[in-house]
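Predicted model only: the values in this text are computed from it and were never measured. Just so it is clear: chains get the letters A, B, ... in the order the sequence lines come, proteins before strands, and each one is counted from 1.
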Number of protein chains: 2
Amino acid sequence: MLTSRREEIVHAATELFARQGYHAVGMRAIADAVGIRGSSLYHYFPSKVELLHAIASDSTKRFIELQLADLRPMPTYAERLRKLLGDHVTYFHAYRLEEAVGLRELQELKASAPDYYAELQATRRSYQDAVERLIRDGCAAGEFDCADAHLAALAILGMVNSVNDWFRDTGRQSIEAVAAAYAAMAVDGLLGATPR
Amino acid sequence: MLTSRREEIVHAATELFARQGYHAVGMRAIADAVGIRGSSLYHYFPSKVELLHAIASDSTKRFIELQLADLRPMPTYAERLRKLLGDHVTYFHAYRLEEAVGLRELQELKASAPDYYAELQATRRSYQDAVERLIRDGCAAGEFDCADAHLAALAILGMVNSVNDWFRDTGRQSIEAVAAAYAAMAVDGLLGATPR
DNA sequence: GTCTATATTGAGATAGAC
DNA sequence: GTCTATCTCAATATAGAC
């Protein structure tokens with residue numbers, strides 16, 4: 001599964017950062033989890049913050065590329081957005097540790113590595129813009145009913161992003177069921193895609 | 001404004017924790033912000049984590065008491081929920097630093113002070129339950145249209161909680177306008193309170 | 001690529017004078 | 001209630017052997 005030592009390190013750091021927070025985890029703890037000495041980590045990453053960047057950046061960029069590529073081939077705006085949001089929730093669940101680190105340690109990245117922060121924010125922004133455009137187009141086409149596409153995009157993204165805060169695999173519903181339900185609440189409910 | 005030195009300390013710590021994160025801020029930095037020495041802080045708080053608890057607990061409990069007290073006197077469930085959610089957004093904005101710390105450092109509290117964590121989670125849970133009950137009652141009364149009141153409550157709370165992530169006072173809309181718009185998207189949109 | 005050894009800095013917290 | 005002085009520990013990171 002984990003082919004390279006580098007991947008092994010990123011994986012261990014992701015788990016520790018997600019569980020305890022970036023500053024609460026020392027390089028020694030990461031090294032222990034991998035079975036090497038602290039100093040050996042510096043063979044793979046020049047600093048701790050580069051490790052954080054690798055975690056936050058890799059999964060976010062992969063996610064957004066996937067989502068934006070998938071945006072095109074659908075008959076209606078409603079179906080397009082429902083699929084996008086459902087995939088959003090399931091991806092966020094699959095990479096919940098990475099997303100937890102990426103979201104929670106954003107300001108740490110902003111303070112310690114401003115370039116990386118700006119880059120990441122730009123990537124996120126392009127995704128938010130794509131969702132907003134999709135909503136705007138759906139409104140223009142008469143599929144959606146919404147007063148402010150910008151606000152609606154923010155509200156819906158806030159909604160789907162929050163699933164990881166409460167969802168547990170041990171609960172009564174699968175992540176796929178929750179993903180479908182959230183997509184329906186957003187598209188058919190909030191945006192009124194299905195006439196009532 | 002800040003009557004006691006204790007309040008002054010809590011206020012300074014809130015700002016610093018919100019901006020830099022709990023572990024990134026030392027007791028010395030908090031003391032500097034107040035104009036005393038680091039050791040003097042221990043006259044008011046026995047440890048750093050007690051300070052965190054004071055920040056997270058005070059504002060959360062005050063908020064939830066306020067909101068639950070306000071729940072009763074309204075003619076319809078829709079109006080009741082619209083008011084609750086609007087107040088939620090404006091309160092969260094007024095106490096955005098405290099809420100940022102309370103939400104982001106939850107796991108720190110869980111690790112360092114499990115009792116405080118459990119207490120705080122129970123308080124939050126009672127609020128979530130109240131919102132869910134309100135939605136369920138509104139559904140039973142035929143005012144709302146929703147498949148799963150539990151999921152709807154989680155989705156709506158995720159939505160209103162996310163406003164602080166993007167809202168800035170320098171933007172084009174006031175917080176009151178955003179609060180009203182979010183309440184409408186939740187109640188009239190997601191829950192379909194207004195017939196379309 | 002991993003190790004030992006270490007430099008350097010700052011953390012949280014305490015003792016006890018005033 | 002605030003101070004000075006200090007304890008103890010752990011942090012990130014580097015140098016250089018193997």
Nearest whole angstrom, please: distance from the [atom2] of [N] to the [atom1] of [X].
{"X": "A:I36", "N": "C:dC3", "atom1": "CD1", "atom2": "C1'", "answer": "11 Å"}
{"X": "B:F17", "N": "C:dG12", "atom1": "CZ", "atom2": "C1'", "answer": "12 Å"}
{"X": "A:I30", "N": "D:dA10", "atom1": "CD1", "atom2": "P", "answer": "17 Å"}

Looking at B:R5, does any N or O in its side chain come under 4.0 Å of the phosphate oxygens OP1/OP2 on D:dT2?
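B:R5 to D:dT2 OP1/OP2: side-chain N or O found under 4.0 Å.
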
What distance separates A:T123 OG1 from A:Q121 CD, expressed to the nearest 0.5 Å?
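Going from the OG1 atom of A:T123 to the CD atom of A:Q121 covers 9.0 Å.
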
Which value, rounded to the nearest 0.5 Å, describes the distance between A:L106 atom CG and A:Y116 atom OH?
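One gets 15.5 Å once the value is rounded to the nearest 0.5 Å.
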
Tell me which residues in residues 19-27 of chain B lie within less than 4.0 Å of DNA chain C, going by non-hydrogen atoms.
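Contacts with DNA chain C under 4.0 Å: B:V25, B:G26, B:M27.
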
Those residues of residues 42-57 of chain A lying under 4.0 Å from DNA chain C by at least one heavy atom
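When residues 42-57 of chain A is checked for heavy atoms under 4.0 Å from DNA chain C, the hits, listed by number, are A:H43, A:Y44.
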
A:Q107 side chain near B:Q20 side chain, heavy-atom distance below 4.5 Å
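Contact flag for A:Q107/B:Q20 side chains = no.
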
Evaluate the side-chain proximity of B:V131 to B:R136: yes if any heavy-atom separation is below 4.5 Å, no if none is.
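Result no, sub-4.5 Å side-chain heavy-atom pair not found.
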
Are more than 12 heavy atoms from other residues, nucleotides or ligands located less than 6.0 Å from atom CZ of A:R37?
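No - once you tally the heavy atoms of other residues, nucleotides and ligands closer than 6.0 Å, there are 12 at most.
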
Verify the ring-centre separation between B:H53 and B:F45: is it less than 6.0 angstrom?
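For B:F45 and B:H53, the ring centres are not under 6.0 Å apart.
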
Can you confirm if the aromatic rings of A:F63 and A:H88 lie within a centre distance of less than 6.0 Å?
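Between A:H88 and A:F63, the centre distance is under 6.0 Å.
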
Please check this pair: side chain of A:D145 against backbone of A:A193, looking for a donor-acceptor N/O pair closer than 3.5 Å.
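Here the side-chain-to-backbone pair does not exist.
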
Protein and nucleotides 4-6 of chain C: nitrogen or oxygen contacts under 3.5 angstrom:
unit_1: C:dT4; atom_1: OP2; unit_2: A:R37; atom_2: NE; d: 3.0
unit_1: C:dT4; atom_1: O4; unit_2: A:S39; atom_2: OG; d: 2.8

Same cluster for B:W166 and B:I175 if Ile/Leu/Val/Met/Phe/Trp/Tyr side chains link at under 4.5 Å?
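Per the 4.5 Å side-chain linkage, B:W166 and B:I175 are co-clustered.
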
Single-linkage hydrophobic cluster, 4.5 Å side-chain cutoff, A:L81 and A:Y91 together:
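A:L81 and A:Y91: one cluster.
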
